[in-house]
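For reference, the structure is listed below as structure tokens.
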Amino acid sequence: YFLKTNNDFLERRRVYSEGSYNIENIADVRKDNKKLILYLIGVLRIYPEISNIYLGATNGNFLSVIRVNPHSTYATDSSVPLPGGLSFIIQFIDRSAGEPLDYRYYTDDEGTIREEEVIKRVFYDPRARSWYLGSKQKQTFYWTNLYLFDNGLPGITASIPLYTGVGNSPDNGVFFGVFGVDISEDDIKKFVEGPHLGKVGTVFIVDTQGGELIAYNDRRKKSHRQRL
């Protein structure tokens, strides 16, 4: 039971990412690509455990759809919480013409824009991020190490490179970007705290590269993270 549950947990996240190659025909990363934006919003609607889904292109453009949570704030002023009635934040970083601009669109559940902001000082470049570099170099599905997301919360990213042509393969097409989904540490802990192996069994997840115990289940304690 545990092995099946464990495989299902990881497999579902892999499928979220690997399913991205079906969007090749709409993966032109620009802010007016409504088909791509609706695709990303649709994934978040279906899978509530995903907090962020995005695509980084070879030209440095970046499109992300972030699920609004009770702690979400405006990009230009993190001290101001977002008002009620908003469901998603669409972030688009445009490097296609001169200095990059970071557009933020705050939408309702249907994707209708209610408010927007433009940030002129842009430091984020998807091409320099571990989820992009790892997937591009491996030319296949990639898991990052545990790291801090931009919202300050820890988690990991599942990503996969995107290629033109049939089969999403470097043998048949040209690399044009990387697709990723974020998985929060809280989501991992929910999984770990769920299944039990008999009366004394323990479930744990280890970051093998960093030597860190990310989470484990103990009926006497909450799952937590520590250095091995």
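Minimum interatomic distance between Pro170 and Gln139 (heavy atoms only, all atoms of both residues): CG-OE1, 3.8 Å. In plain terms, the two heavy atoms of Ala75 and Ile119 that are nearest each other are CB-CD1, 3.5 Å. In terms of heavy-atom proximity, Gly180 sits nearest to Thr157 at CA-CG2, 4.5 Å. Across every non-hydrogen atom of Pro100 and Arg95, the tightest pair is CB-CG, 3.6 Å. Summarising the geometry of Asn52 relative to Val65, their closest heavy-atom pair is OD1-O, 3.1 Å, with the distance given to 0.1 Å. Taking both residues in full, the closest heavy atoms of Arg45 and Gly111 are given as NH2-N, 4.3 Å, listed atom of the first, atom of the second, then distance.
The shortest side-chain heavy-atom distance between Val80 and Thr73 does not fall under the 4.5 Å cut-off. Considering only heavy atoms from C-beta on, Leu63 comes within 4.5 Å of Ile90 through its side chain. Taking 4.5 Å as the limit, every side-chain heavy atom of Thr112 sits out of range of all side-chain heavy atoms of Thr107. At a threshold of 4.5 Å between non-hydrogen side-chain atoms, the residues Asp94 and Phe62 do not count as touching. Within the 4.5 Å cutoff, side-chain heavy atoms of Leu162 are placed close to those of Leu55. Taking 4.5 Å as the limit, every side-chain heavy atom of Ile41 sits out of range of all side-chain heavy atoms of Glu110. In this structure, Phe179 and Ile53 have side chains that are in contact, with non-hydrogen atoms separated by less than 4.5 Å. Inter-residue side-chain proximity for Ile93 and Tyr124 is flagged as met; some heavy-atom pair is nearer than 4.5 Å.
Looking only at distances, no side-chain donor or acceptor of Ser72 sits under 3.5 Å from a matching main-chain atom of Leu82. Here the side chain of Thr164 pairs no donor or acceptor atom with the backbone of Gly173 at under 3.5 angstrom. Between the side chain of Ser159 and the main chain of Trp143, no donor-acceptor pair closer than 3.5 Å is present. A distance-only check finds no donor-acceptor pair linking the side chain of Arg114 to the backbone of Leu86 [under 3.5 Å].
Checking Ser96 against Asn59 by side-chain atom types alone, no donor-acceptor pair falls below 3.5 Å. Side-chain contact of Asp125 with Tyr132: a donor-acceptor pair under 3.5 Å is absent, judged by distance alone.
In this structure, CZ in Arg127 is found 10.5 Å from CG in Leu133, a value given to the nearest 0.5 Å.
Both Phe176 and Ile160 are part of a single hydrophobic cluster, where members link through side-chain heavy atoms under 4.5 Å apart.
Among Tyr105, Tyr103, Tyr106, the single residue meeting the side-chain hydrogen bond (donor to acceptor under 3.5 Å, both in side chains) criterion with Glu117 is Tyr106.
Under the side-chain hydrogen bond (donor to acceptor under 3.5 Å, both in side chains) criterion, Tyr74 pairs with Glu115, sequence neighbours left out.
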Practice item. Determine, step by step, whether Phe92 and Asn61 satisfy the side-chain contact (heavy atoms from CB on, under 4.5 Å) criterion, reporting the C-alpha distance in whole Å, the side-chain angles of both residues, the deciding distance to 0.1 Å, and the verdict. Key: CA-CA 7 Å; Phe92 174 66; Asn61 283 2; 4.1 Å; yes
